[in-house]
Amino acid sequence: MISKFFIERPVFANVIAVVTILLGIVGLSAMPISQYPDVVPPTVQVTTNYPGASATTIARTVALPIEQQVNGVQDMLYMQSTSTDSGAYTLTVTFRIGTDPDKAQILVQNRVSSAMASLPQSVQVQGVTVQKRSTSVLGFVALTSPDNSRDSLYLSNYATIHVIDALSRIPGVGNINVLGASQYAMRIWFDPDLLQAHGLEASDVLNAIEQQSQVVPSGQFGSPPGRAQPFQYTLDVPGRLADPVEFGNLIIKTGAGTGGQIVRLHDVARVEMGAKSYAQDFRLNGRPAIGIGIYQTPEANGLQTFRAVRREMAGLSRNFCTGLGF
């Protein structure tokens with residue numbers, strides 16, 4: 001009966017169809033993104049670093065304790081991990097669709113904290129990071145030197161200081177990974193023959209560096225309850241060393257007696273300012289560069305997030321030093 005009414009009045013039927021299409025187009029443009037269901041399961045990533053260790057060593061001493069604790073966490077679907085010869089360890093835990101990413105991060109963080117006591121000391125010093133993030137990279141931003149006046153190490157250090165913090169504050173950005181040269185670090189290259197000649201081991205040198213290059217609270221002079229003083233002075237003493245010459249002058253060993261020989265670090269090693277790691281190299285069109293990988297949070301809109309990243313980079317580029325571009 002209803003169909004016959006519209007068949008006999010085709011013009012009226014066509015008008016209703018056009019109006020329905022127009023209303024659908026208007027409603028589609030105004031529909032909020034939050035009404036679309038989540039189709040990607042949330043993930044939480046655990047990362048750490050074990051300097052100097054091989055992939056096999058990391059799997060036995062780092063991956064095994066962490067994964068034994070994380071396995072079976074509430075609402076977990078599966079997990080996968082990678083260990084590299086550069087000392088990096090990454091564990092990705094995937095949860096069921098609909099799981100609150102913040103809750104999942106807290107659950108994994110609690111499990112990782114239980115495994116901290118079983119990890120090697122150097123890993124505990126480096127720290128273990130637990131973050132919610134997408135499994136695939138959203139996009140890359142390349143920081144370059146168009147006139148080749150800056151090397152990859154300078155670009156990486158500049159991005160760490162001036163770029164990464166600003167990009168991390170953008171809504172929807174879950175994690176940022178810098179690809180290419182690492183950050184600045186004090187490189188100490190031992191000479192095995194000189195170490196043996198002075199009766200030293202690498203651990204002896206490391207202990208001497210840790211003892212002599214550290215921040216020491218120096219206190220105050222003239223503060224109560226001592227004798228009353230018209231002024232109080234805060235003492236400032238040298239802390240951690242920051243220059244290759246200062247590191248080279250560290251005393252590693254002293255001989256017996258008043259006339260004993262003093263062995264300094266530059267006597268058994270070469271000290272220089274270099275990169276923390278040389279495991280990666282990033283180039284753009286054959287020129288030194290660094291890549292900034294942007295990972296979004298599971299609930300973020302990828303298009304809006306990367307548009308905000310490009311706007312932020314355009315604003316930061318106005319204050320770039322000479323020789324930098326993106």
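One is the number of the first residue; the rest follow in order along the sequence. Owing to the predicted nature of the structure, the values given are computational and were not obtained by experimental measurement.
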Could you tell me if the side chain of Val46 sits less than 4.5 Å from the side chain of Thr129, heavy atoms only? no
For Thr20 and Ile16, indicate whether the former's side chain and the latter's backbone hold a donor-acceptor pair under 3.5 Å. yes
Find the distance between CG (Leu91) and OG1 (Thr47) and round it off to the nearest 0.5 Å. 10.0 Å
Would you say Asn110's side chain and Leu107's backbone share a donor-acceptor pair under 3.5 angstrom? no
With a 3.5 Å distance limit and no angle check, can you tell me whether Ser113 reaches the backbone of Gln109 through a side-chain donor-acceptor pair? yes
Show the numbers, then the answer: is there a side chain to side chain contact (heavy atoms under 4.5 Å, CB included) between Tyr89 and Ile66? CA-CA 11 Å; Tyr89 168 74; Ile66 292 179; 4.0 Å; yes
Any chain of hydrophobic side-chain contacts (each under 4.5 Å) joining Phe282 to Ile164? no
Linking I/L/V/M/F/W/Y whenever their side-chain heavy atoms sit closer than 4.5 Å, directly or via other members, would Leu284 and Phe320 fall into one cluster? no
Heavy-atom neighbours of Gln124 CD exceed 12 at 6.0 Å: yes
May I ask you to decide if Leu200's main-chain N or O and Lys253's side chain share a donor-acceptor pair within less than 3.5 Å? no
Verify the cluster assignment for Val70 and Ile58: are they in a single hydrophobic cluster under the rule of side-chain heavy atoms below 4.5 Å apart? yes
Minimal heavy-atom distance between Pro65 and Ala115, with the atoms involved, is O-CB, 3.6 Å
Please check: side-chain N/O of Glu312 versus main-chain N/O of Ala166, any donor-acceptor pairing under 3.5 Å? no
Residue that, paired with Gln296, satisfies side chain to side chain contact (heavy atoms under 4.5 Å, CB included) out of Leu138, Val309, Asn175: Leu138
Roughly how far, to the nearest 0.5 Å, is the CG atom of Leu250 from the CD atom of Gln212? 5.0 Å
With a 3.5 Å distance limit and no angle check, can you tell me whether Thr94 reaches the backbone of Met79 through a side-chain donor-acceptor pair? no
If I compare all heavy atoms of Ile262 with all of Thr254, which pair ends up nearest, and what's the gap? CG1-CG2, 4.3 Å
Flag side-chain contact, heavy atom, 4.5 Å: Met313 against Val163: yes
Closer than 4.0 angstrom, basic N to acidic O: yes or no for Lys132 and Asp102? yes
How about Asn148: does its CG atom have over 12 heavy atoms from other parts shown lying under 6.0 Å from it? yes
For the atom pair CG (Asn249) and CG (Leu265), what is the distance rounded to the nearest 0.5 Å? 9.0 Å
Are Ile170 and Val178 linked, directly or through other ILVMFWY residues, by side chains that come within less than 4.5 angstrom of each other? yes
How far does CG of Leu64 sit from OG1 of Thr61, to the nearest 0.5 angstrom? 9.0 Å
Shortest non-hydrogen contact from Asn49 toward Gly87: OD1-O, 2.8 Å
Which heavy atom of Gly199 sits nearest a heavy atom of Asp204, and at what distance? O-OD2, 4.5 Å
What are the two closest non-hydrogen atoms of Pro42 and Pro101, and how far apart are they? CB-CG, 4.2 Å
Under 4.5 Å between side-chain heavy atoms, hopping through other hydrophobics if needed: is there a path connecting Ile209 to Val263? yes
So Val173 and Leu167, side chain to side chain contact (heavy atoms under 4.5 Å, CB included) or not? Walk me through it. CA-CA 7 Å; Val173 174; Leu167 297 182; 5.6 Å; no
Tell me, do Arg96 and Pro41 make a side-chain contact under 4.5 Å, heavy atoms counted? no
Would Gln45 and Thr90 count as having a side-chain donor-acceptor pair, cut-off 3.5 Å? no
Without swapping roles, check the side chain of Thr99 against the backbone of Phe95 for a donor-acceptor pair under 3.5 Å. no
Evaluate the side chain to side chain contact (heavy atoms under 4.5 Å, CB included) criterion for residues Val205 and Phe190: first the C-alpha distance (whole Å), next the side-chain angles of each, then the deciding distance (0.1 Å), finally the verdict. CA-CA 9 Å; Val205 180; Phe190 294 127; 3.4 Å; yes
In terms of relative ring orientation, are Tyr154 and Tyr158 parallel, tilted or perpendicular, with 30° and 60° separating the classes? parallel
Rounded to the nearest 0.5 Å, what separates atom CE in Met186 from atom CZ in Phe247? 5.0 Å
Side-chain donor/acceptor of Arg150 to backbone N/O of Leu155, under 3.5 Å: no
If you compare all heavy atoms of Pro288 against all heavy atoms of Ser152, which two are closest, and at what distance to 0.1 Å? CB-OG, 3.4 Å
So does Asp193 get a backbone contact from the side chain of Asp191, meaning a donor-acceptor N/O pair under 3.5 Å? yes
Got Thr305 and Pro171 here, is their nearest side-chain heavy-atom distance under 4.5 Å? no
Spatial distance of atom CD (Gln69) from atom CE (Met116) [nearest 0.5 Å]: 12.0 Å
Give a yes or no on whether Arg283 atom CZ has more than 12 heavy-atom contacts from other residues, nucleotides or ligands under 6.0 Å away. yes
Side chain Ser317, main chain Ala314, donor-acceptor under 3.5 Å: yes
Could you check whether any side-chain heavy atom of Val130 comes within less than 4.5 Å of a side-chain heavy atom of Gln105, counting everything from C-beta outward? yes
Starting from the C-alpha separation in whole Å, work towards a yes-or-no answer on side chain to side chain contact (heavy atoms under 4.5 Å, CB included) for Gln126 and Tyr50. CA-CA 8 Å; Gln126 295 281 335; Tyr50 192 178; over 6 Å; no
Should the heavy atoms of other residues, nucleotides or ligands under 6.0 Å from CD of Glu272 be counted, would the total exceed 12? yes
